[in-house]
Structures are given as C-alpha cells and as structure tokens.
2 protein chains.
Amino acid sequence: MFGEVSLQTFHRMPQYLKTLYELRKEGREYVSSVTLAEMLNLTPSIVKKDLSQAKVQDGKPKVGYAVNDLIDDIENFLGYNNAKDAVLVGCGKLGQALLGYTGFADYGLNIIAGFDISDDVIGRKVQGKLILPTGKLEGAIKKLDIKIAILTVPQEHAQAMADALVKAGIRAIWNFTPAHISVPANIAVRNENMASSLAVLSAQLREILKKENNLNQ
Amino acid sequence: MFGEVSLQTFHRMPQYLKTLYELRKEGREYVSSVTLAEMLNLTPSIVKKDLSQAKVQDGKPKVGYAVNDLIDDIENFLGYNNAKDAVLVGCGKLGQALLGYTGFADYGLNIIAGFDISDDVIGRKVQGKLILPTGKLEGAIKKLDIKIAILTVPQEHAQAMADALVKAGIRAIWNFTPAHISVPANIAVRNENMASSLAVLSAQLREILKKENNLNQ
DNA sequence: TTTTTATCGATATTATTTTATCGATTTATG
DNA sequence: CATAAATCGATAAAATAATATCGATAAAAA
C-alpha cells in the first residue's frame, strides 16, 4: 500500500520504538528479533521483516540489532525527527484533552493552535496552546503551509469542516469524530473510531468468556 | 480469529451500522451491497461477505437487504443491545473527556463511574458520572460484576493499574495510555494507540506528497 | 584454533483476506 | 406472460500478510 511497506508494519513500528527506548534505558546495546518478538507478542519472522524495511544498518548474527542505530533508523523512517505542524479543529472536551496531550511532540507532531467557533473557549490557552476563531483557520493553514488537521468537532459538522479544511489546503485529516467523512483521493484520512475499537474489544471479550464456559462444562 | 469472523470484519461492522442508520433516517427500506460499498469505499464483495456473518435474514435479489432487519442483526451481532457496564480509571483530561462522551451508550457501553487517586477530582461529577477514589475500585468491580475497564491513567501507572484491574476480576481492558501492558492470555486488551495511528497517517501523507512530486516533474 | 551456538537476511511456504465470477432468483418491464 | 435487469450467495481466484526454513556469519566456548 505505501510503496512496499504494509499498513500493519507501520502500526507495529511505534511499538518497536517504544520497546527499544525501554531497552536503551536499561543499558542494552543489542537486541535480537527473538527478544523483541517475545516482548511484543509477535514472531521473530515478522519482527525481522518489519525492521528490514526501516533500518539502514544490518543486524549482526549471534547478537542482533544495535539498539541505538535501530532507534535512529525507525525514528527517521517514521519522520519523528522532522516535526510536522498541525491544527486542531473543535476544542470541546476531547479537543482540549488532545490539545493538552504532551505526547504528540514525541511523535514529531506539533499542534500550533486550536480552533473553535465558540466565544467561550476562543482566546483561552490549553497547555500553552491558544484557541483561535475558526475564521482564522484558512489563513493559518495557508500562511504556515500546514498539512495535517486533527478533527474533533461535533459529528454533525465533521463533513463540512473536512470540506473546508481540504479547500484550505490540508492534506491529512486525523478524524476523531464518529462521522464517516468523504474526501478527495489525494487527501489522507485516518479514523480514530471508538465504535469500531469497541466492537473488536467486545468480540474478544465474548470469545474469551465463551471459551471459559465451554471449559467449565 | 474470533470463531470465524475476522478482526477486519469487526472493524467494518460499526461502519455499516452507521450508514444503515442514515439510510433508515432517509426512509430507505432496502439497500444493496453495491450502494453500501459505494458509500463506504469498499467493494460489494467484501460487503456481502461481511454482512453474511452478522445477518440472520437473507438479502433479496434485485433489491438488496432490508435496512431495518439488517440493523437489528448487526446490533445484535455486536452486542449493542445488552448494555455492558464499564469502569473508567484515571480521570485526567482524556479520562474526563471520555467520561463525558455520550456516544458510548449508543454502542451498548455504560460507564458506571470514574476512578482516580486525586482529591482534586474525587467527588466531582462529569456529565452525571461520579468520580470515586481508586480504593473503591475493586469492590465496585466485584459487586457489580463489571467486565470492562477503560484505562486512562498516566502511562507510568498503566501496568500496575492493569494488574490491579485483572486481580479485581476485569476481563477486558481498553487501553488509552501509550504504554504497552502485559496481561494474562484470558484477558482482552485493545490498545488505542495514538503513536501507531499517527505513524500510519504520516505514511499515507508522505506517499501522497511523493506521488504528486513525481507527477510534477 | 576449531567447534558450537545464536542470529541475521533471503526465500519458500502457508494462511488469511480481498476481489472476481457466476448460477439462481426476484422484481420490473414490454 | 415472457424477457430483461439487478442482486444475492456461494465459490474460485488473486493478492496480501504471516510464518517457517535455511545457508551464511559472527561471537563465544572448547
């Protein structure tokens, strides 16, 4: 899907990175695919295949991968180094929670400001991020050449706001609303869909409970 | 993975449901796999295959599926009818945002209360949900036989809290912290991992921009 | 120094998921 | 009432992803 790299691989990359940070903290210099696989509940094969797509340096037989080099390579692969500016649109509860989320910086994402239509929040600061009126959105996007928008408006405004964002020049939308939004093919969309996550969790739970019931009979 | 039904299928189910609600609102009685596929950017084949796993009633040739019946079947399949109680642990910004999120009820999830260690929030109400001290967590879980926990504590406490929850009898953890948590095999975990979502979004964006650059040369 | 061991990276195999095909069937049309 | 059109559901084919295998090689042990 992305050149050669699969979506699943991209999903796993941050997990490797997280584990590697921990290992570095413990002073580990090398780590094998077997160890990483065990720590993350994966197979060594998939770890090796995934890492082969991000890394520059080869792993060494008998010892594995150099932790520091691998961290550099994955960070680079994921673009954590060249910080990306983003706007956040819709500063209700969830929007403010995300505005205040300090973790984004670790992933190379820099929210430059929040935007909202309500005078109740406009002008306020959340964790140092100013909330501006929606009217200034298009100007900010164009002037600062911002490519990424985080969408946290009420779902009934999601499509209209998405349209406006695309018109203003946004190229990637991180959609936290439950609404399904339609965008042109040359715009990236990522849906953070609670319903679908919950569906999977419920299914897992049901399966687990069913298995237990079968055993207890 | 879950009996016969794939994880991807579970992910798509709530999307079908959402679309079906819209169609019902418009007064549509029947809908074909072709229409659903178009609305959701899928293929008719996958729609038919997915629906075949959730539905009881057969679709009719020439007209498609009865919207109302299909809604019932999917709701039932996903367990939206028999509401599931849950606790939310960690009432910081994100936790409170989720506590106040009214959409969960639509998915059959009922958060009975929030839990936190801080006196600043204990006793407060967020959208009608009371925040209780963590000390009362185990008692509540056992007394009310609660199976699902939403985990929104600071990441450094994630593992310890997960352990406590499992000990108290929780069977499914919806993990909103960036931490990777380890649990016994008979516990369901669903990670709402911002980093991995962002990694995928960035990758999509990069691919799109690259494609454009190639064209413009 | 030789042998053993652990691991990589490439490739082959297997499993899973998606897509395409096609006969059967229902509704609408001439 | 016969024919055409649209769709389902089952199944076959293709694409994708995960896993297993294995020769090469570097480090450690004998």
Side-chain angles (χ1 to χ4, degrees), chain A residues 1-13 15-16 19-20 23 28-70 73-74 77 196 199-200 203-204 207, chain B residues 1-13 15-16 19-20 23 28-70 73-74 77 196 199-200 203-204 207:
Chain A
M1 177 158 198
F2 303 118
E4 291 293 274
V5 186
S6 81
L7 206 130
Q8 283 91 325
T9 297
F10 273 109
H11 264 294
R12 286 187 292 264
M13 282 303 173
Q15 301 183 46
Y16 296 130
T19 309
L20 290 165
L23 291 167
R28 280 280 287 272
E29 277 191 66
Y30 287 91
V31 65
S32 72
S33 60
V34 179
T35 307
L36 280 173
E38 268 170 13
M39 292 179 81
L40 288 166
N41 253 263
L42 301 168
T43 64
S45 287
I46 202 77
V47 172
K48 285 191 279 183
K49 193 164 267 184
D50 283 344
L51 295 185
S52 74
Q53 321 214 44
K55 74 188 161 53
V56 178
Q57 308 258 332
D58 265 15
K60 278 191 200 173
K62 179 88 182 184
V63 290
Y65 308 96
V67 172
N68 267 311
D69 292 350
L70 197 48
D73 289 344
I74 298 179
F77 179 77
S196 98
V200 176
Q204 286 178 299
E207 208 54 30
Chain B
M1 179 160 196
F2 303 118
E4 291 291 276
V5 186
S6 82
L7 205 131
Q8 283 93 323
T9 297
F10 273 109
H11 265 293
R12 285 186 294 261
M13 283 302 172
Q15 300 183 46
Y16 296 128
T19 310
L20 290 166
L23 291 167
R28 281 281 286 272
E29 277 191 65
Y30 286 91
V31 64
S32 71
S33 60
V34 178
T35 307
L36 279 173
E38 270 170 12
M39 293 178 80
L40 288 166
N41 252 263
L42 301 167
T43 64
S45 286
I46 202 78
V47 172
K48 286 191 278 184
K49 195 161 264 183
D50 282 345
L51 296 185
S52 75
Q53 321 215 42
K55 74 187 161 54
V56 179
Q57 308 258 333
D58 265 16
K60 278 192 199 170
K62 180 87 180 185
V63 291
Y65 309 97
V67 172
N68 267 312
D69 292 351
L70 197 49
D73 288 346
I74 299 179
F77 179 76
S196 98
V200 176
Q204 286 178 299
E207 209 53 30

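Naming: A, B, ... by sequence-line order, numbering from 1 per chain. Computed over heavy atoms, backbone and side chain alike; hydrogens, waters and symmetry mates excluded.
Expressed to the nearest 0.5 Å, how far CG of B:Leu40 lies from OG1 of B:Thr19 amounts to 3.5 Å.
The closest donor-acceptor contact from the side chain of B:Asp73 to the backbone of B:Val56 lies under 3.5 Å.
When each of B:Asn68, B:Thr35, B:Leu20 is paired with B:Arg28, the side-chain contact (heavy atoms from CB on, under 4.5 Å) condition holds for B:Thr35 and for no other.
Nearest nucleotide to the side chain of B:Arg12, out of D:dT7, D:dA17, C:dT18: C:dT18.
At a cut-off of 3.5 Å, with distance as the only test, no side-chain donor of A:Lys55 or A:Tyr65 sits close to an acceptor on the other residue.
Between the CD atom of A:Gln53 and the P atom of C:dA10 there is a distance of 11 Å, given to the nearest Å. Remark: P of C:dT17 and CG of B:Asp50 are 11 Å apart, rounded to the nearest angstrom. For B:Asp58 and C:dT27, the CG to P distance is 13 Å, given to the nearest whole Å. Protein atom CD of B:Glu38 is 13 Å distant from nucleotide atom P of D:dA6, rounded to whole Å. What separates OH of B:Tyr30 from P of C:dT26 is a distance of 12 Å, to the nearest Å. We find that NE2 of B:His11 is positioned 16 Å from C1' of C:dT18, with the value rounded to whole Å. The distance from atom CG of B:Asn41 to atom C1' of C:dT19 is 15 Å, rounded to the nearest whole Å.
B:Glu29 is linked by a side chain to side chain contact (heavy atoms under 4.5 Å, CB included) to nothing, counting only residues two or more places apart in sequence or in another chain.
When each of B:Lys55 and A:Gln8 is assigned the nucleotide of DNA chain D bearing its nearest heavy atom, the one mapping closer to the 5' terminus is B:Lys55.
Listed by first then second residue, pairs satisfying side chain to side chain donor-acceptor pair (under 3.5 Å) with a partner in residues 36-51 of chain A read A:Thr9-A:Asp50, A:Arg12-A:Asp50, A:Tyr16-A:Asp50, not counting sequence neighbours.
Close to D:dC8, at under 4.0 Å from its OP1 or OP2, lies a side-chain N or O of B:Ser33.
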Where protein sits on nucleotides 19-30 of chain D, one letter per nucleotide: B base, S sugar-phosphate only, - none, heavy atoms under 4.0 Å: BB----BBS---
